[in-house]
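Just so it is clear, the model here is predicted, and its values are computed rather than measured. A note on names: the letters A, B, ... follow the listed sequences, proteins ahead of strands, and every chain is numbered from 1.
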Amino acid sequence: MPELPEVEVTRLSFADRIAGARILSVDMGKPLRWPLQCLPSSLVGRTVVAVRRRGKYLILDLSEGLLLVHLGMSGSVSFASHLPPAGVHDHFAMRTSQGQLRLNDPRRFGAVVYARGEDDPVAQKLLGKLGMEPLTDDFDLRLFHSGLKRRKSSIKQVLLAGDVVVGVGNIYASEALFHSGIRPTTRASSLSLARTRRLHQAIRSVLAQAVLAGGSTLRDFSDAQGAGGHFQLEVMVYGRAGQGCGVCKSTIRAIRQGQRSSFFCPVCQKA
DNA sequence: AGGGTGACCTGTCGGC
DNA sequence: TGCCGACAGGTCACCC
């Protein structure tokens, strides 16, 4: 479910409301991808100071330490003063003085991990190799170009890998490549500076537009207040195999790259 | 060091 | 209707 826009929309939907809240209790359901790394009860009494985002991670800054929250493929967060009783897929629940926070994640590829700080090895292992943030000044065109230059694999797979630029997942990689006129199979190292500039711009605009649209709700994504997104209505190629390109009417094609689907227009997107 | 592959887990959908 | 395989928004450990 969640790529950068969905994570950012989630963050925006509860960050202000949870800021300053004191933790009253923490309960874990079935195991998530990684263990919490601390006793749940040890978090009680701490305060949630702020909620930040790095790549696809939510970072809850506590009065002491931090919680890294990843939504995996199927995770979603809820935050409300009253929530219905926990269901089978609710695997992390935190009562606070300002409401209840809950992570629902059927596939359990998500995680909630405690770290003492960002230099804690636990945090470094998850955050240490992440690439540039696409929606900030951190996303430098020259660094992007040089990052792509040293990669032999396809541009689509380099985008997904997240060590050059973060946050671009399977939907937005296909979309950004469409908007920049680049085939997903094109070798990353072969992109000229001019084409890299177009891709750089497309990544920024597609992600920013998706945040404005509340993210993409393909099956079940919703933000922490239960609102779904509607960027799926603006999608040009993702999930549209066999349909007509919105620009040139050619038939959108689907291929597999690294066991993931890619979508592109064979006419609008050149190798 | 980079690239390719399997693994993690549950739900849904299409085809027979 | 039922069963079975394919696939789904992510990313890590493991092999060359």
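In this structure, Leu71(A) atom CG and dC8(B) atom C1' are separated by 17 Å, rounded to whole Å. In this structure, Leu4(A) places its CG atom 11 Å from P of dG10(C), rounding to the nearest Å. The nearest whole Å value for the distance from the CG atom in Leu218(A) to the C1' atom in dC13(B) is 15 Å. Here dG10(C) presents its P atom at 10 Å from OH of Tyr172(A), a figure rounded to the nearest Å. Following rounding to the nearest Å, Met73(A) (CE) and dC7(C) (P) show an atom-to-atom distance of 13 Å. When rounded to the nearest whole Å, the span between CG of Asp163(A) and C1' of dT11(C) equals 12 Å. For the pair Leu126(A) CG and dT11(C) C1', the interatomic distance rounds to 10 Å; values are reported in whole Å.
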Could you go step by step and tell me if Arg151(A) and Asp163(A) meet the salt bridge (charged side-chain N to carboxylate O under 4.0 Å, His left out) rule? CA-CA 11 Å; Arg151(A) 295 303 203 90; Asp163(A) 50 352; 2.3 Å; yes
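Taking only side-chain atoms of His70(A), from C-beta outward, the nucleotide of dA8(C), dG11(B), dG10(C) with the closest atom is dG10(C). Taking the side chain of Lys30(A) as heavy atoms from C-beta on, and the options dA8(C), dG10(C), dT10(B), the nearest nucleotide is dT10(B).
If you check distances only, the side chain of Arg33(A) does reach the base of dT11(C) with a donor-acceptor pair under 3.5 Å.
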For Watson-Crick and G-U wobble pairs within 3.5 Å on both distances, what is DNA chain B written in dot-bracket notation, | included for inter-strand pairing? .|||||||.|||||||
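When each of Asp138(A), Leu159(A), Leu143(A) is paired with Val165(A), the side-chain contact (heavy atoms from CB on, under 4.5 Å) condition holds for Leu159(A) and for no other.
A donor and an acceptor atom, one from each side chain of Tyr114(A) and Ser42(A), are nowhere located under 3.5 Å apart.
Residue Tyr238(A) is classed as a sugar-phosphate contact, given heavy-atom separations below 4.0 Å to backbone atoms only. Residue Lys125(A) is in sugar-phosphate contact alone, with no base atom involved, counting any heavy-atom pair closer than 4.0 Å across all strands shown.
Remark: the separation of the P atoms in dC7(C) and dT5(B) is 15 Å, to the nearest Å.
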Identify the pairs formed between an N or O of the protein and an N or O of nucleotides 2-6 of chain B at a distance under 3.5 Å, and give each distance.
unit_1	atom_1	unit_2	atom_2	d
dG3(B)	OP1	Lys152(A)	N	2.5
dG3(B)	OP1	Ser153(A)	N	3.1
dG3(B)	OP2	Arg151(A)	NH1	3.0
dG6(B)	N7	Gln259(A)	NE2	3.0

